[in-house]
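Here's the structure we're looking at; comments come further down.
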There are 2 protein chains.
Amino acid sequence: MFLSNNRHRIATRQSKIKNQKSKIENNQYMAIQDLNQEVLNLVRKHYPQIAERALQEEIAQVGKVMHFRTGEMIMDFGSYVKIVPLIIQGSIKVSREDEEGNELFLYYLQPGETCSMSFTCCMMNKKSEIRTVAEEDTTIIGIPTRFMDEWMSRYPSWKNFVMLSYDNRMLELIRTIDSIAFKKMDERLLEYLEKKAEANNSRTINTTHQEIAYDLNASREAVSRLLKSLEKEGALELGRNRIELL
Amino acid sequence: MFLSNNRHRIATRQSKIKNQKSKIENNQYMAIQDLNQEVLNLVRKHYPQIAERALQEEIAQVGKVMHFRTGEMIMDFGSYVKIVPLIIQGSIKVSREDEEGNELFLYYLQPGETCSMSFTCCMMNKKSEIRTVAEEDTTIIGIPTRFMDEWMSRYPSWKNFVMLSYDNRMLELIRTIDSIAFKKMDERLLEYLEKKAEANNSRTINTTHQEIAYDLNASREAVSRLLKSLEKEGALELGRNRIELL
DNA sequence: AAGGTGCAGTGATGAAGGTCACAGGGGGAT
DNA sequence: ATCCCCCTGTGACCTTCATCACTGCACCTT
């Protein structure tokens, strides 16, 4: 019963995520030569720390602009990583799932950031340990993984960028551990809502209690009750599919 | 009451850790020129992946052999990192502590590994987010942080070593998250004991229930009860300050 | 307008684990 | 030998949260 219950959760969950087959994995996107100048401009605008002109141009040569719609899965747990994403616009939700289908939100990736999990995942040709889903409509520059390694040695700013990304992600993971290990559900819920609001650039969050429960690995009822009591405290306002942070 | 309780925990805790002022932070260790050959040999023996002869020699020039006794603190939460450790012998316990003194074991570092938290912590001159304590009598080679960056560009095997370390630590953190988020205390306890046994190369663990409780961020009573029930199941044997894994 | 479906609210119950209180025993210090 | 401290074991009780069961409402479909 417990198992079948979880399976149901997975089914419910995945039906929410549009386009299950990952575009990245299937390599559906093609380079469009005319876009090179666009990539160059995007990199210069959103990644000032990538300083070397030669590196910018290499990125423009091999990087591909990719778009994902809200809710679209970018990379699933267990799939092989073939590109490293530079996030240009929007935001990406990163979460973890265990063998039994329990899920847990980890953090958001924002413009100017990248997915450090990709680096060695790809260098070692390992399966992804995480799932990434577009939180909003999102634009990235996808860089084939085979360039990572070479650039690390040749371009100091790329090396710094990669190291900084690792460091930031480690810190995020540690903060996540802090929350799960030391905090109770009400505090975790508030943190979660704040982060989600920030990722969406809006104090109004459009989601269901069930979705929140999945992300926090909690039960829907508990989330409902906690939200209700937060509403009574005046911290937020509830509506159908809507939470207004105050 | 809750606060004073926690303070008491901190006090109890730190009294357990010998030599609170970190040797590393205080720079008490001096280079002993005669040991260069020793460092060289240690690196060659324990770090075969560090391939370049020139790199090995640079390490031998700037690295310092350091010893820590069981229970000795190597680096405290909040201190500034000035060296990167290459672990030669023994093992190091890495844990996290929050503002209120709650503590949580993260993972062990073993010979052949290094502390990825050090890399950017030092490159950015940030405070440490973790505490490291010698689990057994431990020998490391300490490398001043200022060399990290340069070596990354100059020596491919150093770059790979650093990247692999990051990746391994990320994975370890994710496994830790899995445990805390998805598993119940009995399973976490068993995992913990297995890891501790491995780190100490012995199926007999010498520690108190209270120490385990701190590491798992649990209560001593809960740990006692779970251990008792595990004993009844035949998974282990209990003694005073001693747990025998079967 | 009628019915269906998914979301939100809520009570009852139970399990896991934290907190409090205390008892008993091992082993070192004197 | 005695004392005392620390470690362990255990009962009682409480809080948090999961689970189950059900209600009512919003919005969509037809």
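Note that this is a predicted model, so its numbers are computed, not measured. These values consider heavy atoms only, across backbone and side chains, with no hydrogens, waters or symmetry-generated copies. Letters A, B, ... mirror the listed sequences (proteins, then strands); counts begin at 1.
Rounded to whole Å, the distance from CG on B/Leu189 to P on C/dG18 is 12 Å. Between the CG atom of B/Leu230 and the C1' atom of D/dG9 there is a distance of 15 Å, rounded to whole Å.
Taking only distance into account, the side chain of B/Gln210 never meets the base of D/dC6 through a donor-acceptor pair shorter than 3.5 Å. B/Arg220 contributes no side-chain N or O that forms a donor-acceptor pair with the base of C/dG18 under 3.5 Å.
In terms of the side chain to side chain contact (heavy atoms under 4.5 Å, CB included) criterion, residue partners of A/Ser179 (sequence neighbours excluded) are, by chain and number, A/Lys183, A/Arg188, A/Glu191. Remark: A/Asp137 engages A/Arg69, A/Thr70 in a side chain to side chain contact (heavy atoms under 4.5 Å, CB included) (not counting sequence neighbours). Scanning for salt bridge (charged side-chain N to carboxylate O under 4.0 Å, His left out) contacts around A/Arg220 gives an empty result, with sequence neighbours left out. Partners of B/Glu135 under the salt bridge (charged side-chain N to carboxylate O under 4.0 Å, His left out) rule, at least two apart in sequence or in another chain, are B/Lys196. Residues meeting the salt bridge (charged side-chain N to carboxylate O under 4.0 Å, His left out) test with A/Lys228, sequence neighbours left out: A/Glu231. Residues satisfying the salt bridge (charged side-chain N to carboxylate O under 4.0 Å, His left out) test with B/Glu244, not counting sequence neighbours, are B/Arg242. Residues that satisfy the side-chain hydrogen bond (donor to acceptor under 3.5 Å, both in side chains) test with A/Arg225, not counting sequence neighbours, are absent from this structure. Considering only residues two or more places apart in sequence or on other chains, A/Leu190 meets the side chain to side chain contact (heavy atoms under 4.5 Å, CB included) condition with A/Leu230.
Within the structure, every side-chain polar atom (N or O) of A/His209 is placed at least 4.0 Å from both OP1 and OP2 of C/dG6.
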Between the protein and nucleotides 14-17 of chain D, list every N/O to N/O distance that falls short of 3.5 Å.
residue: D/dT16; atom: OP1; partner: A/Lys184; partner atom: NZ; Å: 3.4
residue: D/dC17; atom: OP1; partner: A/Met185; partner atom: N; Å: 2.7

Pick out the pairs of N or O atoms, protein on one side and nucleotides 23-25 of chain C on the other, that lie under 3.5 Å.
residue: C/dG25; atom: N2; partner: B/Arg240; partner atom: NH1; Å: 3.3

Output side-chain donor-acceptor pairs under 3.5 Å for residues 105-114 of chain B, partner residues at least two apart or in another chain, one line each.
residue: B/Glu113; atom: OE1; partner: B/Gln110; partner atom: N; Å: 2.8
residue: B/Glu113; atom: OE1; partner: B/Arg169; partner atom: NH2; Å: 3.3
residue: B/Glu113; atom: OE2; partner: B/Arg169; partner atom: NH2; Å: 3.0
residue: B/Thr114; atom: OG1; partner: B/Pro85; partner atom: O; Å: 2.6

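Comparing the helix axis at one end of the helix from C/dA1-D/dT30 to C/dT30-D/dA1 with that at the other, each defined from 5 consecutive pairs, gives an inter-axis angle of 20° (nearest 10°).
Checking C/dC7, D/dT19, D/dT10 against the side-chain heavy atoms of A/Glu221 singles out D/dT19 as nearest.
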